[in-house]
Amino acid sequence: MAVFLELLVNGISVGAVYALIALGFVVIFKATEVVNFTHASLLLAGGYAIAWLHPLIGFWAAVAAGIAAAALVGALVEFLILRRAHVGSRGVLAIVTIGVDILLTTELTRRIGTEVLALGDPWGDRVLRIGPVTVAETRVVALAVAAALIVAFLLAFKFTGWGVAMRATAEDAETAALMGVRLGRVSLSAWAVAGALAAVAAMFLCVFPTPGLDRGTAAAAMKAFPAAILGGLDSTTGALAGGLIVGVTETLMSGYQSELAFLGRGIGDAAPFLVMIVILLLRPSGLFGTKEPARV
Amino acid sequence: MSGEAGPGIGGPETVGPGTAAPGTVDPGIAAPGTVDQRSEGLDIRGLEVRYGPVRALRGVHLAVPRGAVAAVLGANGAGKTTLLRAVSGTLRFHRGAITSGTVAFGGSRLDGVPAAAVVRRGVVQVPEGRRVFARMTVAENLRAGALSVPGRRAAAARERVLELFPVLAERAHQRAGLLSGGEQQMLAIGRALMAGPSLLLLDEPTLGLAPLMAARIADTVRQINAQGTSVLLVEQNAAMALALAERAYVLEVGEVTLSGPAADLAASDEVRRRYLGVGVPETDRPVGTDPGPAHERPERTRLARWTA
Amino acid sequence: SGKATGGDAGAGAAAGGDGVTTGPGVTATTITVSALTDLTGPYASFGKSQTQAQQLYFDQVNAGGGVCGRTYELVVRDHGYDTQKAVAAYTEVAPKSAAIVQFIGSPMITALKQRIDGDKLLTIPMAWATTLLGSRAIQVTGTTYDVDMINAVEFLTKEKGIRSGDKIGHLYFEGDYGESSLDGSKYAAGKLGLRIVEQKIKATDQDMSAQVAAFKAAGVKAVLVSVGPRQTASLVGVSLAKGMDVPFVGSNSAYAPQLLATPAGPALLKDFYYVSAGTPVSAQNPGMQRLVADYQAKYPGQTLDSGIPTGWSAAMIVDEAMKKACAAKDLTREGVLNAHRSQSSFGGDLGTPMDFTFFDKPASRSSYVLKPDKAALGGAVVFREAAVSELAKDYPVPVG
Amino acid sequence: MSEPTPTAVARTLRAALCVAVLAAAVAVPFYLEGFWLQAGLFAMSAAIGAIGINLLTGATGQLSLGHAFFLAVGAYSYVFLSSDLGLPTPLAAVAAVIVAGVSGGLFSPIAGRLKGAYLGIATLALIFVGQHILFNAEPVTGGFNGRPVPPMELFGLVFADTPELVVLNVPFGSLERLWFLGIALLAGAAAFARGVLRGRPGLAMNTIRDHEIAAGVMGVPVARYRAGVFVLSSMYGGLAGVLVALVFQQVVPDYFGMLLSLDYLAMITIGGLGSVAGAVVGAAFVSLLPQLLTRYSDALPLVAEPGSGGVSPAEAARILYGAAVVAVVLFLPGGLAGLAMRLGRVRSKELRWAKSAPAPASRR
Amino acid sequence: MDGMTLRRGEPHAHPLRRPRAPKRNQPVGSASGDGPPELVVSEVTVRFAGLTALDAVSFTVAPGSVHALIGPNGAGKSTCFNVLSGVYRAASGSVRFGGAELTSLRPHRVAALGVARTFQNIALSPHLTVRDNLMLGRHRLTRAGFVSAGLRLPSARREAVRHGARVAEIAEFAGVGDALTIAVGLLPYGVQKRVELARALCMEPRLLLLDEPVAGMNGGERREMAGLIGSVRESLGISILLVEHDMGMVMRIADAVTVLDFGRRIADGPPEEVQRDPEVIRAYLGDYGEGDSGGPSAGREQA
Ligand SMILES: Nc1ncnc2c1ncn2[C@@H]1O[C@H](COP(=O)(O)OP(=O)(O)OP(=O)(O)O)[C@@H](O)[C@H]1O
Ligand SMILES: Nc1ncnc2c1ncn2[C@@H]1O[C@H](COP(=O)(O)OP(=O)(O)OP(=O)(O)O)[C@@H](O)[C@H]1O
Ligand SMILES: [Mg+2]
Ligand SMILES: [Mg+2]
């Protein structure tokens, strides 16, 4: 039982970080209907900026600067590339983002080189003990931040003009323009926000219990795919739920892999995808995603 | 290009005028561009629009004085929608561009101004084919319409719109994509009114509306016009359009072939036959795109049954 | 066609003016050797120091007059740990190379094993799985992963108080590295009456909390680590934070000096060791010190890690084979292989002594136990001198 | 009218082009060295796979990130069926393609039901679960080591380096022999896909992509078609897998990862969505570019020596690849094949319509 | 939400059983001689979450007649079409066409029975040529599957040639013969509407459902379209069910009219009669002079 609790709490704590990453996907998807493969490199960019700056200006200033830097990179990607891609299909745009990701990741990993960069965070390797269970302090903060951001975006999408403009643009840019929406600004801001979110996620991804930022960090973004889909690609609540489900599944399956040896060892990595398949069979738009209204 | 409204290359010629040569103006109808009290309203001069190699509009002159209603008639593909796009700044979404001529409203130029800025000058277009935001609720669609105006004015506008179209209030929380065709049309008009326009561009507002509702739209147009909004109306329901408008233009293959006071146009034989669908019995005509000279018309082919 | 004649020349051996029979990759003035390395993928740091060390080696040999009257030319192809690119690069360089001094990535080498054998092209893989044994052309240097782990387990029982009946954890990567290592730890555990608690992960996993929880729940007394440096750091850091204070012994690839600068540094310094057949760069012997000095002179300010001696010795192995082959006046591939396989005690200051006369057993069975050290060059010092454990001596190595 | 119509001219031209291409393809092994042959074979395998995913993603509008899985199924099934079950190799190859199709069919509850980004990411599960199986089902897959691939043997000809074979003074090793097999398979696969796309199923697929409900109302069983196309595309993946296995001579699990799937998407986008030619052109581009860049890395400008701290050749290759993906989409909507089309046919068609349009009465 | 209507293809739409599925791909009754069967809609109810779009609607389309379905916006006309063509599933009620019960069939099964339709919002494939769009209409009448199309078997070729000729014939009839090789997306709206009709005709239907065929057309074009529809009925003798807001046209070509309002049938009969019905005038036709005929009345929905 104690083991189960320990694993569960750990799963939730990892899930919080996945949720933060997934939230970035969701924001871009909601605002532009593009599946954003560039998110991984935005993550790397944000993390790199924080790691590079913290010895110079201190952790918090570095985080602020890292968020700004990643937002800038996101905005630049939109301004220089996506804005200029006049393609009909969002699928094609998704592939453009793959290309952009290759470009950015190559350059960033070249810069990071062979280092493992610490972020210099104030939490260190402190853990919180709750009865028999321990959980890293960083993860508690991550969960709180994820929940706060997710609520904030939920409200923003529903109630602010920015959110309405963003969703309108995603559906039909021309008509949105006829409503007076400045398209350029809307998608620029979406990408900047996604960049900023990536930097926040990167900050939590690269602190304890992981050793720091290195060239492999971006791979973690993959975990956020099943998380985002599970919850529903256009739902911020879904990002949280999906992240937690993925985190918990992965942790439990890893923790019990000796008991589950018949499934093959290392099932922890494949398990979230299996859960995702099951959920999609039951709900093709994810747990909280909106169904495509179809009528003729 | 959206499926429902995608006239494309080659259209104008297909449905072009068979008899009336472009540029012919009925005697008794004043030539455009002579009235001068319209510096305040919409003023289009010598407008030419191209979609790549296709010239969709050629030398169009048109004016909507402040507070007036003007109607544009024309066959499918004549360039009516293009004309509105040129005003609202949305040509670039269709890879089209103004190649010469000017569009001005309230004394300042609109050509070259991006769509969002055009809206901020009080010119709002109801696009062809409704184009509601299908995944957003009715209420959110209305909200989107008011994005360019401050909140207080939006609330007032919302009240007016819901009064005009009570069904929208009933469906406030339904997703717009699930509304019936006519309901979507009401939403599209309501959404445009949310911005409190001083010039409203309507592209076939009664498309797919029941007679009663079409009449109500006509009333609405009259009503908002009475409140000072100018209206440029593109409409296939020529009878209604001519009844509403003070001035009307007939567009054929990208050119204004007729223009003048609406009443005069309504009396013209050409307009009655081609746009009102009355006068000449021609149900036996082949269903080509255009009635050619009588002697060239083949008899309607009967379609033989298919034998498997 | 041009290929018709070219094909014949490539296949047959030709005798040069100096009476030396030559094969592909050898001309009257040059010997071409190739490095199929990873400079942009997951093993980039390792690949970089190896390649630089080898470049340094061949530059020095060339400066000293070369070998057999010829100079070396090193062709470097970076495959970024991509199988298809590696296979393509092999196809490109193999016909024009006399040997492959460095080949990173065991999936790639495995994919090409048959062809390397068929081409009789002396190849030094930079991977130490037992699956690479059994090929005459492929020379695995030093110990294999499983032998390292056997030595590690024995080290734990001898010096860390692990006794029969205890449980020890083994965290390992999916793939040849981890699973070869697991073979060794299981063998040793079986012999010593220990129980292994297995946790398999992927290279993309970052956070070892779940694994630590499982180890802790199982009550392990020590943990073997056959993963990458990041995972090691996370494992060791989380374990200590969660109060699981046990010794950790890693494979050679589980540690990188860069880790000491991260928050996991203190934890690593506490009770972490790793086993390796390669001498650490901090070793106080003349060969190593000269290498380090030369390397730092040529590549100032660059990280010193175990790739440097590894790359250097691989170059040296090929160079020795060439020298011997030259003495026998036979620089064909067959000649090079024969020369190479005739050496029974290749050794020096850079690693444990190796025997190349057989190819179905590791060239060496003795490993150092090393310990991280902030002050040392390369971030590690020798904790226990190289030795062959009793178990490793009789260990029947699985081949192929 | 006796003068040849434009389409007739175009058809003769195209036939001539086909003959020329075929002749060139046959001549290649006599002139080019192994590297080129192998690069070509990789490209052929990629082209077959890309045709398959273009049927699915391009023509039917179903995004798939799981194509690499079906390559793996094809490759491993071939090995298992021929080595373990002892099937004759050609039979094993056919059976492997069928197994790939069946595994695609097993996925049809998902494939028939999901769309767009959801299907795309759902198929990602195939990659991860597939890799898990490849690594763990050792008795069948050989685990991380993979397994050696038995050479194909067709009518007594073994597609391997031994027994030796010399044709016209050129030694014919496995690559030379496989070259012809590759050409034949690619030609067959392309012709089949063209037939499908131009025929009744192709129309149904396109309509499902453009307007699902309309397709159903017109009599197309939508879910069944979706699943069917998924199966067909898996079979193409399987065939590509068999070919790539024969070239590699050893199957290893690492190869069949997500990057391979992403490469396939890049291929059809760069080449042009929905057409066979697009898939082939894109596959050639994507699979040859990195190999060429690596090979000629020494000659690339602005590239530093390995280890000198600047942009290394492989990094340059990667950057160029990424830039190519972006540039093609930005500047060549419709892909490389679309570019060729635009220069050729479509323009004349538009003009013809424009010319005939103004005189509708004269159409009889 | 028991009675909730589901769109087919949605995960929850598990039809219980599909009785009396006709033999697949059997071109039914298109040969000359046998006329189309009667279409009997009885007590059909359709609900969406919290909204009854059709409330126990019944009417009958006599064989070979043109029957108009009219009513205010949102009355449920398109919904009724969707039920008839198998796109929506009715919560209750039955639709019988010949011997078959349509309410339990999926769209492609309904199509196989010879029911064709056009859409209120054009639903063509914009990138395909007119010919390809029309050929899709032949889907139910043709056989070629993946294998025979891929291998280009003689049977597939023969089929393509034979049906290609018929498609050209129908295109000519519908007035889009010139446009066969042009991508539909490039055509003007009015021509696209004709292509829609032609595509439906290509299914060799016994029952043709037309949803607002002349919307967006001007007077002249409307007349032409009306003529075309008349001529379809004359030459093929099939039944036509028509939704249209152009009352002039409805009066001119319809044999019978059913009027819906808020999902209920409020009138049914010959056009002249219906036109005079005060209820219909109140709810639908109104009076052009005063657009104020009262807002939507209460009590229309809430299932
Ligand atoms: N995006 C486009 N690209 C190329 N040509 C276009 C495009 N949009 C419209 N056209 C062409 O421009 C001409 C005018 O089209 P427009 O849509 O303005 O006509 P319309 O009068 O509004 O017709 P309708 O009554 O069908 O709405 C047509 O010939 C059409 O084919
Ligand atoms: N899939 C759906 N989900 C929810 N509500 C729907 C759905 N389809 C239709 N409705 C609702 O059912 C009612 C009837 O719609 P329908 O489309 O049948 O109207 P209609 O009679 O065709 O109107 P119009 O003349 O405006 O096209 C409308 O209020 C619409 O909002
Ligand atoms: Mg229009
Ligand atoms: Mg309707």
Side-chain angles (χ1 to χ4, degrees), chain A residues 26 29-33 83-90 92 154-190 232-236 238 284-286 288-296, chain B residues 1-4 84-85 87-95 114-137 139-151 154 174-181 184 188 191-192 194-195 197 201 203:
Chain A
V26 168
F29 189 84
K30 232 176 145 77
T32 62
E33 296 212 331
R83 181 171 295 190
R84 284 153 224 282
H86 297 287
V87 290
S89 140
R90 318 274 181 175
V92 174
L154 186 73
L155 298 179
F157 273 121
K158 248 198 145 46
F159 298 113
T160 67
W162 177 77
V164 172
M166 201 162 280
R167 289 158 61 202
T169 312
E171 258 197 54
D172 183 344
E174 179 183 0
T175 311
L178 286 176
M179 307 291 109
V181 173
R182 297 184 180 99
L183 301 183
R185 280 193 207 181
V186 163
S187 67
L188 197 71
S189 66
L233 253 184
D234 59 350
S235 157
T236 48
S285 312
F288 298 93
T290 35
K291 268 189 281 179
E292 190 75 21
R295 63 154 298 169
V296 280
Chain B
M1 188 181 290
S2 74
E4 65 261 32
L84 298 195
R85 284 180 188 153
V87 178
S88 67
T90 49
L91 277 173
R92 68 176 188 87
F93 291 95
H94 303 268
R95 304 190 180 204
V118 172
V119 173
R120 284 182 171 69
R121 302 219 187 138
V123 179
V124 177
Q125 184 190 359
V126 176
E128 186 175 32
R130 304 164 190 142
R131 309 278 287 264
V132 296
F133 299 117
R135 254 169 295 148
M136 292 165 45
T137 63
E140 286 166 343
N141 266 276
L142 293 179
R143 175 99 205 267
L147 281 175
S148 59
V149 300
Q174 179 167 351
R175 270 190 287 143
L178 299 175
L179 295 177
S180 85
Q184 289 185 0
R191 185 178 61 181
M194 291 294 290
L201 311 173
D203 202 346

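Chain identifiers are assigned alphabetically (A, B, ...) following the order of the sequence lines, protein sequences preceding nucleic acid strands; residue numbering begins at 1 within each chain.
- A distance of 4.0 Å separates CZ of B:Arg135 from CD of A:Glu33, quoted to the nearest 0.5 Å.
- Of the atoms belonging to B:Ala195, not a single heavy atom falls under 4.5 Å from chain A.
- Between the CE atom of A:Met179 and the CG atom of B:Leu147 there is a distance of 8.5 Å, given to the nearest 0.5 Å.
- With sequence neighbours excluded, no residue satisfies side chain to side chain donor-acceptor pair (under 3.5 Å) with A:Glu171.
- Taking all atoms of both residues into account, the shortest heavy-atom contact from B:Glu140 to A:Val164 is O-CG1, 4.0 Å.
- The parts of A:Ala173 that come within reach of chain B are both its backbone and its side chain, each placing non-hydrogen atoms under 4.5 angstrom from that chain.
- Of all heavy-atom pairs between A:Ala177 and B:Val119, the closest is O-CG2, 3.7 Å.
- The part of B:Val132 that comes within reach of chain A is its backbone (N, CA, C, O), which places non-hydrogen atoms under 4.5 angstrom from that chain.
- Residue A:Leu178 forms a side chain to side chain contact (heavy atoms under 4.5 Å, CB included) with just one option from B:Gln125, B:Arg191, B:Arg85, B:Arg131, and that option is B:Gln125.
- A:Thr169 does not touch chain B: none of its heavy atoms, backbone or side chain, sits under 4.5 Å away.
- Contact count versus chain A (heavy atoms, under 4.5 Å) is highest, among B:Ala144, B:Ser148, B:Pro114, B:Ala115, for B:Ala144.
- Most heavy-atom pairs under 4.5 Å with chain B: of the set A:Ala176, A:Ala168, A:Gly161, this distinction falls to A:Ala168.
- Both the backbone and the side chain of B:Phe133 come within less than 4.5 Å of a heavy atom in chain A.
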